[in-house]
2 protein chains.
Amino acid sequence: MNISAASNAAGLPAKTVRYYADIGLVPAPVRSEAGYRSYDDASVRKLVFVRRAREFGFSISECRELLGLYEDRRRSSADVKRIATARLEEIAKKQRELQSLHDELAHLVDACRGDDRPDCPIIDSLGNPRSEPRMAP
Amino acid sequence: MNISAASNAAGLPAKTVRYYADIGLVPAPVRSEAGYRSYDDASVRKLVFVRRAREFGFSISECRELLGLYEDRRRSSADVKRIATARLEEIAKKQRELQSLHDELAHLVDACRGDDRPDCPIIDSLGNPRSEPRMAP
DNA sequence: ATAATGTTTCCAGTTACTGGAAGGTCAAGC
DNA sequence: GCTTGACCTTCCAGTAACTGGAAACATTAT
């Protein structure tokens, strides 16, 4: 399998596949006589593993750790669960942050007439975070 | 005001304050005789504006655009609302993605015993995304 | 034989900073 | 007057995780 076949099978751009071997995340593939990278199913499975883990938001270094566990027939599931649980908590935290961001911004968008006049609570709020949009006197 | 006073007032690291002037996001401050950057309240207000906008997830280039609107006494609120609404939609999309990520990962963490045995649905799922964790035969 | 496509390496750029080194400045204390 | 320490300067490099592009070689199709 050349790199484009492998990258199709793995669901990753070829550039990324090369990159993952460059940084040593996955082993460097064997080469054809002409120097072309040659992939087998096991390599593709590892690439898929990495892609999925990345989609879950695991960092490259977490992927490294997970790949190590993936390949270690004797690892405990507790090791894996620990990493995944930490990641889960990060996701939940990010969700809470996004929620308050969303609420605050939605409030401002609602308050903005969106017409051709210059008054705009969004801009006002960015410049004067403590002041509420001013009321009619 | 020297840079650390300004950066305190703006709630940004001094490095970042310098950086924002370097990339032309905010105007370069005047300098003292010795070459120290000197800030006034108006500069600090702009820095606060940028910090807030960044906290809302606006990119630097969006901040550039918003700052332009902030400084333009004749802009329409519609221009601002357009940018903010687009950003709001991005936030909502990100929220939906995070939600499904969270659900999927939480499901896997629940399914993992987390003991010292090697069987682990999390790892299995990463390697074989289509196969459900295997049942007792 | 030639053209189109696939592959290689390498270098640079992206985003938004952050860290650190080497050196100049300022205010306080002795 | 001198030292100490805090503060400031510039510049270079690095981060994460790729992505884009150029120049050159290989393979395949016509």
Side-chain angles (χ1 to χ4, degrees), chain A residues 1-40 43-44 46-67 83 87 90-91 94 97 101, chain B residues 1-26 28-40 43-44 46-67 87 90-91 94 97 101:
Chain A
M1 233 192 299
N2 280 349
I3 194 165
S4 57
S7 86
N8 270 336
L12 287 168
K15 276 256 173 191
T16 302
V17 172
R18 282 193 205 97
Y19 172 74
Y20 284 165
D22 284 351
I23 62 173
L25 178 58
V26 298
V30 297
R31 301 294 184 113
S32 76
E33 222 167 302
Y36 283 21
R37 288 166 178 83
S38 189
Y39 296 86
D40 57 11
S43 325
V44 170
K46 270 183 210 172
L47 289 168
V48 168
F49 181 96
V50 172
R51 174 176 58 77
R52 295 262 310 159
R54 292 286 300 127
E55 284 168 1
F56 272 109
F58 292 100
S59 71
I60 291 288
S61 103
E62 284 169 326
C63 287
R64 236 179 258 274
E65 201 174 352
L66 286 170
L67 257 185
I83 299 176
R87 178 70 202 138
E90 281 163 32
I91 292 176
K94 190 82 192 166
E97 286 169 7
L101 214 61
Chain B
M1 233 191 299
N2 281 347
I3 195 165
S4 57
S7 87
N8 270 336
L12 286 170
K15 276 254 174 195
T16 303
V17 172
R18 283 193 206 98
Y19 173 73
Y20 284 165
D22 284 352
I23 62 172
L25 178 58
V26 298
V30 298
R31 301 295 184 113
S32 76
E33 221 167 304
Y36 284 19
R37 288 167 179 82
S38 189
Y39 297 86
D40 57 10
S43 326
V44 170
K46 271 184 208 169
L47 288 169
V48 168
F49 181 96
V50 173
R51 174 176 58 77
R52 296 262 311 159
R54 292 287 299 128
E55 283 168 3
F56 272 109
F58 292 101
S59 71
I60 291 288
S61 105
E62 283 170 328
C63 287
R64 236 179 259 274
E65 201 174 352
L66 286 170
L67 257 185
R87 177 71 201 136
E90 281 164 32
I91 291 176
K94 191 81 192 169
E97 286 169 8
L101 213 61

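Residue numbers begin at 1 in each chain, while the letters A, B, ... track the order of the sequences.
Judged purely by atom type and a 3.5 angstrom limit, B/N2 has no side-chain atom pairing as donor or acceptor with the backbone of B/A5. Under a 3.5 Å cut-off, the side chain of A/E55 and the backbone N or O of A/R52 do not form any donor-acceptor pair.
Remark: C1' of C/dA16 and CZ of B/F58 are 17 Å apart, rounded to the nearest angstrom. Residue A/Y19 contributes atom OH, which lies 17 Å from atom P of C/dT14 at whole-angstrom precision. In this structure, A/N2 places its CG atom 5 Å from P of C/dT7, rounding to the nearest Å. Summarising the geometry, the separation between CG on B/D22 and C1' on C/dT18 is reported as 13 Å, rounded to the nearest angstrom. As a whole-Å value, the separation of B/L25 CG from C/dC17 C1' is 13 Å.
Between A/K15 and A/Y36, the residue anchored closer to the 5' end of DNA chain C is A/Y36, taking for each the nucleotide with the nearest heavy atom. DNA chain C is contacted by both B/A34 and A/R31; A/R31 maps to the nucleotide lying nearer its 5′ end (nearest heavy atom per residue).
Residue-level contact check: A/R18 touches the bases, meaning some heavy atom is under 4.0 Å from a base atom. Among the heavy atoms of the strands, none lies under 4.0 Å from A/S32. Within the nucleic acid shown, A/I23 has no heavy atom closer than 4.0 Å to any nucleic acid atom. B/R54 comes within contact range of the sugar-phosphate backbone alone, with a heavy-atom separation under 4.0 Å but no base atom that close.
Each of B/L12, B/L66, B/V26, B/T16 was evaluated against B/V50; a single residue qualifies, B/V26, per the side chain to side chain contact (heavy atoms under 4.5 Å, CB included) test.
In this structure, the side chains of B/R64 and B/I23 come closer than 4.5 Å at one or more pairs of heavy atoms.
Here the CZ-OG distance, from B/R51 to B/S7, works out to 11.0 Å after rounding to the nearest 0.5 Å. In this structure, CG on A/L67 lies 10.5 Å from OH on A/Y20, to the nearest 0.5 angstrom. Rounded to the nearest 0.5 Å, atoms CG (A/D40) and NZ (A/K46) are 9.0 Å apart.
Comparing atom distances between the B/P13 side chain and each of C/dT18, C/dT8, C/dT25 picks out C/dT18 as nearest. Distance from the side chain of A/S4 is smallest to C/dG6 among C/dG6, C/dC26, C/dT18.
From the 5' end on, the contacts that DNA chain D makes with chain B at under 4.0 Å to a non-hydrogen atom open and close at D/dC7 to D/dC11.
In terms of phosphate contacts, B/T16 brings a side-chain nitrogen or oxygen within less than 4.0 Å of OP1 or OP2 of C/dT18.
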